[in-house]
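Worksheet: one structure, shown below.
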Amino acid sequence: MELASKYNPSDVEAKWYQYWLDNKLFSSKPDSREPYTVVIPPPNVTGVLHMGHMLNNTIQDILVRRARMKGKNACWVPGTDHASIATEAKVVNRLATQGIKKSDLTRDEFLKHAWEWTDEHGGIILKQLRKLGASCDWDRTAFTMDEVRSKSVNKTFIDLYNKGLIYRGVRMVNWDPKALTALSDEEVVFKEEHSQLFYLRYKIENEDGYAIVATTRPETIMGDTAMCINPNDPKNAHLKGKKVIVPLVGRVIPVIEDDYVDIEFGTGCLKVTPAHDVNDYMLGEKYNLPSIDIFNDNGTLSEAAGMYVGMDRFEVRKQIVKDLEAAGLMEKIEAYTNKVGFSERTDVAIEPKLSMQWFLKMEHLAKIALDPVMDDTIQFHPAKYKNTYRHWLENIKDWCVSRQLWWGHRIPAYLLPQGGFVVAETAEEALQLAKEKTGDTTLTIADLRQDEDCMDTWFSSWLWPISLFDGINNPDNEEINYYYPTSDLVTGPDIIFFWVARMIMAGYEYKGEMPFKNVYFTGIVRDKQGRKMSKSLGNSPDPIELIEQYGADGVRMGMMLAAPAGNDILFDVALCEQGRNFNNKIWNAYRLVQGWEVDQILAQPTSSKIAIEWFTATLHKTSLEIDEQFSQYRISEALMIAYKLFWDEFSSWYLELIKPAYEKPIDAVTYQATIAFFEELMKILHPFMPFITEELWQHTQERKEGESLMTQLVSVVDSTQIDQTLLQNFETVKQIVSGVRAVRLQKNIAQKESLTLKLIGKNELPSFDCVISKICNLSSIASVENKDETAASFMVGTTEYAVPLGDLIDVDAEIKKLEEEVNYLKGFLLSVKKKLSNERFVNNAPAAVVAMEQQKQADAESKITSLQETIASLNKA
RNA sequence: GGGCGUUUAGCUCAGUUGGUUCAGAGCAUCUGCUUUACACGCAGAGGGUCGGCGGUUCGAACCCGUCAACGCCCACCA
């Protein structure tokens with residue numbers, strides 16, 4: 001069959017992906033093999049593939065395919081995340097375009113819309129993953145809100161509640177005034193803001209004069225219930241025991257003393273607003289201060305504020321500044337930079353707010369999750385993230401798990417008419433518990449009201465490695481026992497707390513064992529200027545378009561070439577070009593081989609026999625190196641080694657060596673060996689570039705229906721099989737060949753014109769002289785005593801080689817070149833001699849090192865002698 | 001404010017317990033080449049005082065100290 005001179009990925013990718021699916025090659029069932037399990041970090045169900053997914057899933061696919069070809073039962077479980085807050089926001093926005101407000105809908109009506117949206121957009125991203133070749137077991141596709149996962153979440157919540165680890169209470173939480181929900185600490189991102197520091201005058205009661213308070217939030221003065229000074233602050237000592245009047249508001253509040261206040265900051269006076277600041281809340285608790293909540297849930301001022309009611313908090317800030325100035329109560333305004341917390345999802349400023357929420361106690365969970373990472377039971381790659389992990393666990397706070405959203409797992413708590421609540425999986429069970437708890441046997445289900453809140457999305461994702469195998473509802477089932485703990489987790493360091501740490505907690509709490517053995521942290525994909533890729537910057541290429549342009553294999557390779565573990569990758573489409581070029585190289589190497597006519601009787605040339613022996617050794621050595629890189633999760637390095645093996649060793653050296661003369665046939669032995677090498681190379685490259693390797697592997701021989709490269713095993717190599725001497729001799733061959741090529745280039749002698757090569761002063765020919773002759777087109781290689789005067793010479797090791805050139809020689813240039821080399825060697829010799837004459841070196845350095853230096857000296861001296869003789873003979877010419 | 005990390009060729013990175021000629025790779029650059037597998041190619045070449053300073057050592061890109069730049073994480077100074 002005729003193959004095109006350029007590889008066209010779009011022809012083959014869809015074909016082989018369908019073939020793999022049709023033959024169920026991605027599917028895994030427990031069997032006697034060693035399991036290799038990966039669970040996908042579930043992308044948002046309504047998400048669209050971006051470069052980050054591309055990187056992350058390429059790495060997973062490489063690991064999974066590699067494990068499969070190492071004989072393991074590889075199982076990669078895909079799925080999506082319901083992404084509570086993000087998805088709810090999208091649904092709210094869509095409804096808004098249809099003129100529907102969320103508040104106009106019932107919970108059930110809203111959820112109907114949300115499910116419609118999910119069914120419409122859900123799974124787009126999973127379809128996209130197929131384009132890049134992801135070998136997921138699609139029959140296992142899960143959703144964090146499907147039946148099994150939802151049941152797991154509820155069961156877990158109830159279990160933790162029954163263990164006393166979940167509690168409900170009014171606490172200061174991070175409130176998102178746009179999404180109208182509480183957030184966990186992890187969902188708040190602090191950003192620096194250029195704002196202002198306002199100095200407000202609080203009149204001292206029954207006295208002349210003011211206490212000056214510095215604040216960044218003058219709009220909260222309506223919530224002030226105290227002023228606080230440091231007891232050791234001399235400049236504010238006169239305020240002790242006094243009362244002050246809140247400006248504009250007119251409320252009289254006490255001056256309290258606490259050493260929390262920083263004497264140096266501002267004026268040393270702090271206004272205390274217990275309802276709207278975490279620290280003030282703490283002071284409020286300590287001194288039993290009243291708490292006035294002046295904000296509505298949406299960030300507007302509430303009735304309780306008494307002023308500016310209904311206005312937005314930021315509008316109020318502008319207005320109140322004017323009003324304070326008008327009233328003469330503004331001392332001054334300074335420019336000030338501070339950090340303000342923003343909602344990770346909606347990007348609005350967080351409002352600290354007191355509210356009733358559900359919390360999970362973290363002390364116990366943090367404790368069981370720390371050691372396994374610190375002692376490398378679970379390995380982090382790169383290990384530097386262990387520090388970050390430890391720091392978080394050692395300073396952990398309770399996890400606010402409730403969200404005031406509808407899209408998510410509803411909290412399985414039922415509020416009782418007489419106050420209090422019960423926690424149960426179903427309303428019936430709740431009723432039973434309620435009767436027991438209250439002693440009221442007349443209660444009915446209608447009397448119970450299920451808590452309106454739902455749970456943080458991460459409360460389902462933290463169970464993922466267990467719930468995917470139904471290990472919560474159905475502990476000890478065959479699948480969980482076989483696939484758990486999973487092998488490798490591939491994810492970004494940005495979710496180390498959200499997800500990785502919590503999965504480790506859940507793993508130990510519910511399985512008594514780690515959820516995964518290794519965590520590979522990818523970097524962030526940035527553009528080549530180092531900016532994070534984002535929609536708003538428009539600097540993120542569409543991965544699907546890249547695949548169409550360069551082929552999935554090309555894009556995969558492009559990503560991996562630049563992706564060392566834990567380092568950000570600076571992505572440039574030029575990398576995909578490199579990937580595409582490599583595909584084309586592989587394609588054409590195969591075109592060359594398959595175009596040869598095989599002669600069954602033809603004897604094998606010695607040079608081919610040597611080439612096969614050499615490449616066998618090279619292949620084995622390189623396979624071991626690739627294994628080594630994989631074991632350290634250095635996937636880019638593994639790919640680079642494979643790349644060089646194919647391009648340099650196989651294509652540039654091996655194929656050139658065995659290539660028959662134009663239109664001449666090749667002998668059968670060499671041909672067979674070459675096909676076998678090619679197949680082995682396809683196996684090595686397959687995890688990185690699955691499509692082209694499958695395509696060509698299917699070409700090399702007649703294959704049975706359903707047979708695939710995917711399920712072949714890569715050869716196991718024993719390091720003792722490798723002939724090191726052979727490899728070393730061949731390196732010398734390469735250097736000699738380079739020497740001759742350099743002569744050709746310099747003198748502009750075409751490859752067609754044959755040359756001769758002389759070894760000076762050696763009695764034996766170099767190893768593999770037939771190989772050298774073939775590659776360099778030499779008519780002879782001979783050892784001679786005396787130099788030919790009209791020859792170009794070069795040195796390899798301590799041997800001098802000469803290529804007689806007759807009239808072509810430029811004697812002066814040749815002499816100049818040799819003299820330069822002699823000068824370099826003399827300088828080198830000098831430094832070696834200096835070292836050797838240093839007594840302290842000779843006495844202290846290990847004998848082997850000293851011997852090496854002596855050898856260097858001897859070699860340099862002999863080289864110099866040889867070159868000087870050559871120069872002398874050239875001078876005669 | 002605390003903690004961690006990075007700094008090696010134009011770019012992205014290797015460099016294992018300090019010792020084969022103070023340095024390697026890929027890409028990029030430059031020079032040749034219409035050599036019938038591939039110009040998405042072939043053959044070559046150039047390019048680094050290993051962030052600065054100081055120290056330990058016979059010997060430092062590697063160990064120690066210090067400074068600087070950049071990055072990340074954490075943190076309740078309004």
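In what follows, every chain begins at residue 1, and chains take the letters A, B, ... in the order their sequences are listed.
Using a 30° and 60° split on the angle between ring planes, A:F380 and A:Y389 fall in the perpendicular class, above 60°.
Checking B:U12, B:A78, B:G44 against the side-chain heavy atoms of A:L570 singles out B:U12 as nearest. The listed nucleotides are B:G44, B:A37, B:A78; the one nearest the side chain of A:T215 is B:A78. For A:V261, the listed nucleotide lying nearest its side chain is B:A78; candidates were B:C58, B:A14, B:A78. The side chain of A:M852 sits closest to B:U20 out of B:C77, B:A78, B:U20. Closest to the side chain of A:F841, out of B:G15, B:C42, B:C58, is B:C58.
Mapping A:N279 and A:S5 onto RNA chain B by nearest heavy atom places A:S5 closer to the 5' end of the strand.
Remark: the separation of the C1' atoms in B:G59 and B:G46 is 30 Å, to the nearest Å. As rounded to the nearest Å, B:C13 and B:G54 have P atoms that lie 29 Å from one another. Taking atom P in both B:C64 and B:U17, one finds a spacing of 12 Å when rounded to whole Å. Comparing B:U29 with B:U7, their C1' atoms are spaced 24 Å from each other, to the whole Å. Rounded to whole Å, the separation between the C1' atoms of B:A14 and B:A25 comes to 7 Å. Comparing B:A61 with B:U49, their C1' atoms sit 12 Å apart, to the nearest whole Å. Atom name P, nucleotides B:G51 and B:G44: the rounded distance is 32 Å, in whole Å. Taking atom C1' on both nucleotides, B:C53 is separated from B:A68 by 11 Å, rounded to a whole Å.
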Could you pull out the protein-nucleic contacts involving nucleotides 73-75 of chain B (nitrogen or oxygen on both sides, under 3.5 Å)?
unit_1: B:C74; atom_1: O2'; unit_2: A:H391; atom_2: ND1; d: 3.4
unit_1: B:A75; atom_1: N6; unit_2: A:K339; atom_2: NZ; d: 2.7

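Taking only distance into account, the side chain of A:E656 meets the base of B:A37 through a donor-acceptor pair shorter than 3.5 Å. Between the side chain of A:K585 and the base of B:C38, a donor-acceptor pair under 3.5 Å is found.
For A:R580 and B:G41, the shortest distance from a side-chain N or O to OP1 or OP2 is not below 4.0 Å. Look at A:Y336 and you'll find a side-chain N or O under 4.0 angstrom from OP1 or OP2 of B:A78. Note on A:K659: a side-chain N or O is less than 4.0 Å away from OP1 or OP2 of B:A37. Look at A:N844 and you'll find a side-chain N or O under 4.0 angstrom from OP1 or OP2 of B:C58.
Spacing between atom CG of A:N588 and atom C1' of B:C38 amounts to 4 Å, rounded to whole angstrom units. As a whole-Å value, the separation of A:L655 CG from B:G41 P is 16 Å. A:Q632 places its CD atom 9 Å from the P atom of B:G15, with the value rounded to the nearest Å. Atom CG in A:N838 sits about 14 Å away from atom P in B:U57, given to the nearest Å. To the nearest angstrom, P of B:C42 lies 11 Å from CZ of A:R741. Between the CZ atom of A:R171 and the C1' atom of B:C76 there is a distance of 17 Å, rounded to whole Å. Regarding A:M689, its CE atom lies at a distance of 13 Å from the C1' atom of B:C40, rounded to whole Å. When the P atom of B:C76 is taken as reference, atom CG of A:L354 falls 17 Å away, rounded to whole Å.
Across all strands shown, B:U36 forms no Watson-Crick or G-U wobble pair with both distances under 3.5 Å. With a 3.5 Å ceiling on both atom-pair distances, the Watson-Crick or G-U wobble partner of B:C70 is B:G5. Pair check for B:U29 finds B:A45; Watson-Crick or G-U wobble, both atom distances under 3.5 Å. Under the Watson-Crick or G-U wobble criterion, with both distances below 3.5 Å, B:A78 has no partner in any strand shown. Under the Watson-Crick or G-U wobble criterion, with both distances below 3.5 Å, B:C53 is paired with B:G65. Nucleotide B:G24 is matched to B:C13 when pairs are restricted to Watson-Crick or G-U wobble geometry with both distances under 3.5 angstrom.
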* Steps toward ring-ring contact (aromatic ring centres under 6.0 Å, His included) verdict (A:Y385, A:F521) -> CA-CA 9 Å; A:Y385 288 110; A:F521 289 107; 4.8 Å; yes

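By the 4.5 Å heavy-atom criterion applied to side chains, A:L270 and A:F265 are not counted as neighbours. Inter-residue side-chain proximity for A:Q751 and A:R744 is flagged as met; some heavy-atom pair is nearer than 4.5 Å. In this structure, the side chains of A:K271 and A:T220 come closer than 4.5 Å at one or more pairs of heavy atoms.
Cation-pi geometry between A:K339 and A:F190 is not met at under 6.0 angstrom from the ring centre and within 45 degrees of the axis.
Across all strands, A:A845 comes closer than 4.0 Å to base atoms (heavy-atom distances). Using a 4.0 Å heavy-atom cutoff across all strands shown, A:K863 reaches at least one base atom of the nucleic acid. Residue A:S831 is classed as having no contact, given no heavy-atom separation below 4.0 Å to the nucleic acid. As judged by a 4.0 angstrom heavy-atom cut-off over every strand, A:R634 is placed among residues touching the sugar-phosphate backbone only. When heavy atoms are screened at a 4.0 angstrom cut-off, A:E663 is found touching no nucleic acid atom at all. Using a 4.0 Å heavy-atom criterion, one finds that A:A214 contacts the bases of the nucleic acid, with or without backbone contacts as well.
By the neighbour-count criterion of 12 heavy atoms within 6.0 Å, atom CD of A:E394 is densely surrounded, having more than that number from other residues, nucleotides or ligands. Counting non-hydrogen atoms of neighbouring residues, nucleotides and ligands closer than 6.0 angstrom, the NZ atom of A:K664 reaches no more than 12 such neighbours. Open room surrounds CD on A:Q728; 12 or fewer heavy atoms of other groups in view lie less than 6.0 Å from it.
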* **Under 4.0 Å protein heavy-atom contacts per nucleotide of nucleotides 24-33 of chain B, with B for base, S for backbone only and - for none** => -SSS------

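Each of A:F678, A:F646, A:F677 was scored for a ring-ring contact (aromatic ring centres under 6.0 Å, His included) with A:Y654, with one residue passing: A:F677.
Side-chain contact annotation: A:N236 with A:N230, donor-acceptor N/O pair under 3.5 Å absent.
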For residues 826-833 of chain A, dump all side-chain donor-acceptor pairs below 3.5 Å to protein atoms at least two apart in sequence or in another chain.
unit_1: A:S831; atom_1: OG; unit_2: A:F828; atom_2: O; d: 2.9

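A distance-only check finds a donor-acceptor pair linking the side chain of A:R502 to the backbone of A:F498 [under 3.5 Å].
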